[in-house]
Q: 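The structure that follows is given in the form of structure tokens.
Below, read A as the first sequence line, B as the second, and so on, with proteins coming before strands; counting in each chain starts at 1. The figures that follow rest on heavy atoms only: side chains count, while hydrogens, waters and symmetry mates do not. If you're wondering where the values come from, they're calculated on a predicted model, not measured in any experiment.
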Protein chains: 2
Amino acid sequence: MSHTLGIRQAQKQKTRQALLDAALVLLEEQSLSSLGLREVTRAVGVAPTAFYRHFRSTADLGVALVEEALGSLHPMIRTTVSTASDSAERIDRTVELIARHVETHPAHVRFVARERHGGVQPVRQAIRAQLERFAEEVRDELAKDPVSEGWSADDLLMLATLYVDQMLITASLFLEALDAPAEERDRVTRLAARQLRLISIGRRHWLE
Amino acid sequence: MSHTLGIRQAQKQKTRQALLDAALVLLEEQSLSSLGLREVTRAVGVAPTAFYRHFRSTADLGVALVEEALGSLHPMIRTTVSTASDSAERIDRTVELIARHVETHPAHVRFVARERHGGVQPVRQAIRAQLERFAEEVRDELAKDPVSEGWSADDLLMLATLYVDQMLITASLFLEALDAPAEERDRVTRLAARQLRLISIGRRHWLE
DNA sequence: CCATGCAGTTAACAACTGTTCTCTGGAATG
DNA sequence: CATTCCAGAGAACAGTTGTTAACTGCATGG
């Protein structure tokens, strides 16, 4: 399928990925707007000037990180929402899925939560675009559900946006609870599930 | 009531406020973690070393900004929520109130949204503490409402947290729409109102 | 009125930043 | 096999940063 690229292009992509990985680690304790290009190259063990072969600036690198963090998440979102039925177990499974994702990709989640309102405009824009895509995809899935009969397209997008924002809030809560005792993570799990349930109830009675 | 402080203390507080104001302006286009102390003093027109007379570090200044941005907001929140009745006009008035606050204090709102998940731990902690206080106050007001009869304290806090987060999301949306055409701000207004309405509906049917 | 306190200044420091230009070694190309 | 290409290295630049120490001048309190 994919063209086997030469050992030269391969090495280049390897360095590029090393820069992204190093940046992600450094960004756990600071914001992108304070991330220095030298800092990143130093962490990788490469000359500062090599940075320019891959990114115009750290803001540019940030945009690439957004793609890495959110780009591959679309199928996951779609299938999660599409598995219809508003049962309590379904909500629990969704919350559990968020918890798992935070556990396996904490740095990516932290990056998105941090830079969504961060100090670097192009990165904010990239995140906003991705989240809007998420909302539209959730809306399309919700539209297929019989519960959505009689809903206007606008109201469906309103609900989808609410769900997407709620997922991000939940993810951020799990992030803060990562090093906390298990009971704290349980508290977050129950809180998030009840909030989703309340929204689902509001959804079912929306047209009355 | 307040003791008239000497011309010396007065001048000191004036400089301190100038530092806070200058920092807030600089923070509109960057994050706190990249804000330099020299940058702030330069904007005020004061020697870099003068900074230390007021703050240990820029992180320390950030914590002071949190107090300035959120400290005086508690009475406003209380009265907004306490004015009972879930009528549509009440929701509209709440959304309008948020819009007004964002218009009159855009830099403060931006700062809180940005640093809530930002790269400076003490500031994140200060914001979290304030938001938790908000949630508890909202919970206490909700408890007085007859609609809350039969609700557990835990569920009330769950709903209060949902409201607080939703207010912040709404404020952040208004912020992004500040320089946008009036129709975009109207769109945000209607979106936020419908989301609050859906939550209110969920609230009314919670105990079924 | 005089001694003390202290907000703000001045000067200097080592360390760091982004960006430029020049160079090199090895892969890619024909 | 010879030529071109290009990812990365190296050195140098002007400018920035946080922090230190010792100072000055003026409001304060005895």
Q: Any pair with a residue in residues 37-64 of chain A that passes side chain to side chain donor-acceptor pair (under 3.5 Å), sequence neighbours left out, goes on the list, sorted by first then second residue, please.
A: A:Gln30-A:Glu39
Q: For residues 14-36 of chain A, which residues have at least one heavy atom under 4.0 Å from DNA chain D?
A: A:Thr15
Q: Any side-chain to backbone donor/acceptor pair from A:Glu28 onto A:Ala107? Under 3.5 Å, distance only.
A: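 Judged by distance alone, no pair lies under 3.5 Å.
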Q: Checking only heavy atoms, does the side chain of B:Arg38 share a donor-acceptor pair with the base of D:dT19 at less than 3.5 Å?
A: yes
Q: Expressed as a whole number of angstroms, how long is the span from A:Leu37:CG to D:dG15:C1'?
A: 16 Å
Q: Does CD in A:Gln9 sit with more than 12 non-hydrogen atoms of other residues, nucleotides or ligands closer than 6.0 Å?
A: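 Open: at most 12 neighbouring heavy atoms sit under 6.0 Å from CD of A:Gln9.
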Q: Check each of A:Leu65, A:Val66, A:Leu61 against A:Val123 using the side chain to side chain contact (heavy atoms under 4.5 Å, CB included) test, and report the only one that passes.
A: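 For A:Val123, the side chain to side chain contact (heavy atoms under 4.5 Å, CB included) test succeeds with only one of A:Leu65, A:Val66, A:Leu61, which is A:Val66.
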Q: Taking only Lys NZ, Arg NE, NH1 and NH2, and the carboxylate oxygens of Asp or Glu, determine whether B:Arg133 and B:Glu137 approach each other closer than 4.0 Å.
A: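 Here B:Arg133 pairs with B:Glu137 in a salt bridge, since their nearest N and O are under 4.0 Å apart.
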Q: Please write out each protein N/O paired with an N/O of nucleotides 28-30 of chain D under 3.5 Å, distance rounded to 0.1 Å.
A:
unit_1: D:dT28; atom_1: OP1; unit_2: B:Ile7; atom_2: N; d: 2.8
unit_1: D:dT28; atom_1: OP1; unit_2: B:Arg8; atom_2: N; d: 3.3

Q: Look at B:Asp165 together with B:Arg116 and state whether they make a salt bridge at an N to O cut-off of under 4.0 Å.
A: yes
Q: Write down the distance between CD (B:Glu39) and P (D:dT16), rounded to a whole number of angstrom.
A: 11 Å
Q: Could you grab the distance from atom CG of B:Leu97 to atom OG1 of B:Thr170, nearest 0.5 Å is fine?
A: 12.0 Å
Q: What's the CD-C1' distance between A:Gln11 and C:dG25, to the nearest Å?
A: 13 Å
Q: Among residues 44-61 of chain B, which contact DNA chain D at a heavy-atom distance under 4.0 Å?
A: B:Thr49, B:Tyr52
Q: With a 4.5 Å heavy-atom cut-off, do A:Leu159 and A:Ile199 have their side chains touching?
A: yes
Q: Kindly write out the residues that satisfy ring pair (Phe, Tyr, Trp, His ring centres under 6.0 Å) with A:Phe111, not counting sequence neighbours, or none if the list is empty.
A: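 For A:Phe111, no residue satisfies ring pair (Phe, Tyr, Trp, His ring centres under 6.0 Å) once neighbours in sequence are set aside.
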Q: So which pairs with a foot in residues 118-142 of chain A pass ring pair (Phe, Tyr, Trp, His ring centres under 6.0 Å), sequence neighbours left out?
A: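 Matches after skipping sequence neighbours: A:His74-A:Phe134.
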